[in-house]
Amino acid sequence: MSSKITIIGAGSVGATIAYTLSCEDIASEIVLIDINKQKVEGEVMDIAQGTCFRDPISIVAGDYSDAKDSDIVIITSGIARKPGQTRIELTQTNVNILKSITPDIVKAAPNALYIIVSNPVDIMTYVFTKISGLPENQIIGSGTILDTARLRCGLSEHFKVAQKNIHAYVFGEHGDTSFVPWSGAYISGVSVDEYYKLADSLGKDVKELDKEGMLTYVQKSGGQIIANKGATFYAVSKAVCKLCSILLAASDSIATVSSMMHGEYGIEDVCLSTLTLVGPNGIQGKVPMRMNKGEIERLKASADALKAVIAQINLD
């Protein structure tokens, strides 16, 4: 596959995305850009020296002009979350960083699909949508794809079923107001609520799932990892690389990515994650999922929480 991917930000997440991409057949050219030139050159040298074990790939430490003709631009720039700090507390600092880099990167790569990874990702996706001047379909926030992966990991461990057979999602903010619409959670074709009976008939001992406990596991995993090792970067990098492969595929897929809402579920003018049709032409639209009244209310509450933050930040 011949494709060019530019990554803005060579911190733990950006560098790990570059490394992960270098291990897979997603990109033929990778450009890594960071304000810290020495750091980015070191990262590129380290990654490039391991590429003799794969088909040839170009990996360079570049400037914004080197992003020309990129198929995908991934923005990871920002200050990392500290132990005990919420994603929302990062907001204004990282919004200011995003505002400073947006004109240069958009000028260099106006036709690229943009993946926003910087936290708080829903706010950053909203800001980039408002200030970039790009069509909305080109802007994809990584949203709750990581949260959804964490959910499936947790459900896989609980039910002792392969993650690939679990179809369950996390909606809303990538953060503390996210939730799981359990009415749309399935293990293959069987709803989670019905799976206990099936498991019992197969002689499997499966304890009843603590749904709120599982949501807590999803929401607090990032903070726990940060407390234990200082940062999270492996799982999010795999999630972003999967999203890259979706954007470069021959047809569309459905993923929980963050994008602008236009009246879906009664929500407007905010970016958050619901099921979204996404592919080589970027965001194609939201895929409506049947949810009960309580789940729709939780989605609206997540949207309201994000809007409250947006109202407090300076976009000028």
Side-chain angles (χ1 to χ4, degrees), residues 81 83-84 86-88 121-122 142-229 232 234-236 238-239 242-243 253-258 264-267 272-276 286-306:
R81 187 159 59 119
T86 68
R87 293 181 180 90
I88 299 302
V121 66
D122 302 290
S142 58
T144 60
I145 54 172
L146 175 57
D147 311 67
T148 294
R150 287 170 172 161
L151 173 65
R152 293 181 180 182
C153 178
L155 291 176
S156 173
E157 291 177 356
H158 180 83
F159 288 106
K160 298 178 175 59
V161 175
Q163 294 185 40
K164 66 181 180 180
N165 296 128
I166 294 173
H167 305 282
Y169 309 92
V170 178
F171 278 19
E173 173 204 0
H174 173 55
D176 294 338
T177 65
S178 65
F179 73 100
V180 179
W182 290 108
S183 58
Y186 288 83
I187 298 175
S188 289
V190 182
S191 75
V192 165
D193 291 333
E194 295 171 344
Y195 190 77
Y196 307 107
K197 187 175 180 180
L198 172 63
D200 183 64
S201 71
L202 297 174
K204 296 173 69 71
D205 180 24
V206 178
K207 293 182 174 63
E208 186 170 349
L209 178 68
D210 177 359
K211 292 179 178 178
E212 285 304 312
M214 183 58 67
L215 176 60
T216 299
Y217 164 80
V218 170
Q219 292 177 338
K220 303 304 181 184
S221 287
Q224 183 64 53
I225 293 167
I226 291 169
N228 287 350
K229 58 173 276 189
T232 67
Y234 293 132
V236 67
K238 287 291 290 184
K242 176 61 177 177
L243 185 51
S253 295
I254 294 173
T256 51
V257 294
S258 185
E264 299 90 349
Y265 308 102
I267 299 169
L272 46 68
S273 294
T274 63
L275 294 184
T276 306
K286 299 290 186 178
V287 178
M289 188 176 85
R290 185 179 292 114
M291 292 192 287
N292 62 42
K293 184 177 179 180
E295 290 166 344
I296 292 174
E297 289 305 313
R298 291 186 79 164
L299 186 63
K300 289 180 177 179
S302 190
D304 289 343
L306 287 166

- Can you tell me if NZ on Lys229 sees more than 12 non-hydrogen neighbours from other groups inside 6.0 Å? yes
Shortest non-hydrogen contact between [X] and [Y], atoms and distance:
X: Gly175; Y: Asp147; result: N-OD2, 4.3 Å
X: Leu146; Y: His174; result: CD2-CE1, 4.5 Å
X: Gly172; Y: Asp122; result: O-OD1, 4.2 Å
X: Arg152; Y: Gln163; result: O-CG, 3.7 Å
X: Tyr265; Y: Ile296; result: O-CG2, 4.2 Å
X: Ala239; Y: Ile145; result: O-CD1, 3.6 Å

- Message: Is it the case that the side chain of Ser273 and the backbone of Thr144 share a donor-acceptor pair, with hydrogens and angles ignored and the cut-off at 3.5 Å?
- Response: yes
- Item | Ser183 versus Glu295, side-chain donor and acceptor atoms under 3.5 Å |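 There is such a pair between these side chains.
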When rounded to the nearest 0.5 angstrom, what is the spacing between [atom1] in [X] and [atom2] in [Y]?
X: Glu297; Y: Ser302; atom1: CD; atom2: OG; answer: 12.5 Å
X: Leu306; Y: Glu173; atom1: CG; atom2: CD; answer: 5.0 Å
X: Thr148; Y: Leu155; atom1: OG1; atom2: CG; answer: 10.5 Å
X: His158; Y: Ile166; atom1: NE2; atom2: CD1; answer: 10.0 Å
X: Leu198; Y: Ile187; atom1: CG; atom2: CD1; answer: 8.5 Å

If you define the side chain from C-beta out and look only at heavy atoms, does anything of [X] sit under 4.5 Å from [Y]?
X: Val180; Y: Met214; answer: no
X: Leu209; Y: Tyr195; answer: no
X: Gln219; Y: Ser178; answer: yes
X: Thr256; Y: Thr274; answer: no
X: Thr232; Y: Ile226; answer: yes
X: Thr177; Y: Asp304; answer: no
X: Leu275; Y: Phe171; answer: yes
X: Glu264; Y: Pro288; answer: no

- Item | Worked check of side-chain contact (heavy atoms from CB on, under 4.5 Å) between Lys211 and Asp193 | CA-CA 10 Å; Lys211 292 179 178 178; Asp193 291 333; 2.8 Å; yes
- Relative to each other, are the rings of Phe159 and Tyr196 parallel, tilted or perpendicular (30° and 60° limits)?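 Phe159 and Tyr196: tilted rings.
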- Message: Leu299 vs Phe179, test: side-chain contact (heavy atoms from CB on, under 4.5 Å). Steps then yes/no.
- Response: CA-CA 8 Å; Leu299 186 63; Phe179 73 100; 3.7 Å; yes
- Given side-chain contact (heavy atoms from CB on, under 4.5 Å), test Thr216 with Asp210 step by step and report yes or no. CA-CA 10 Å; Thr216 299; Asp210 177 359; over 6 Å; no
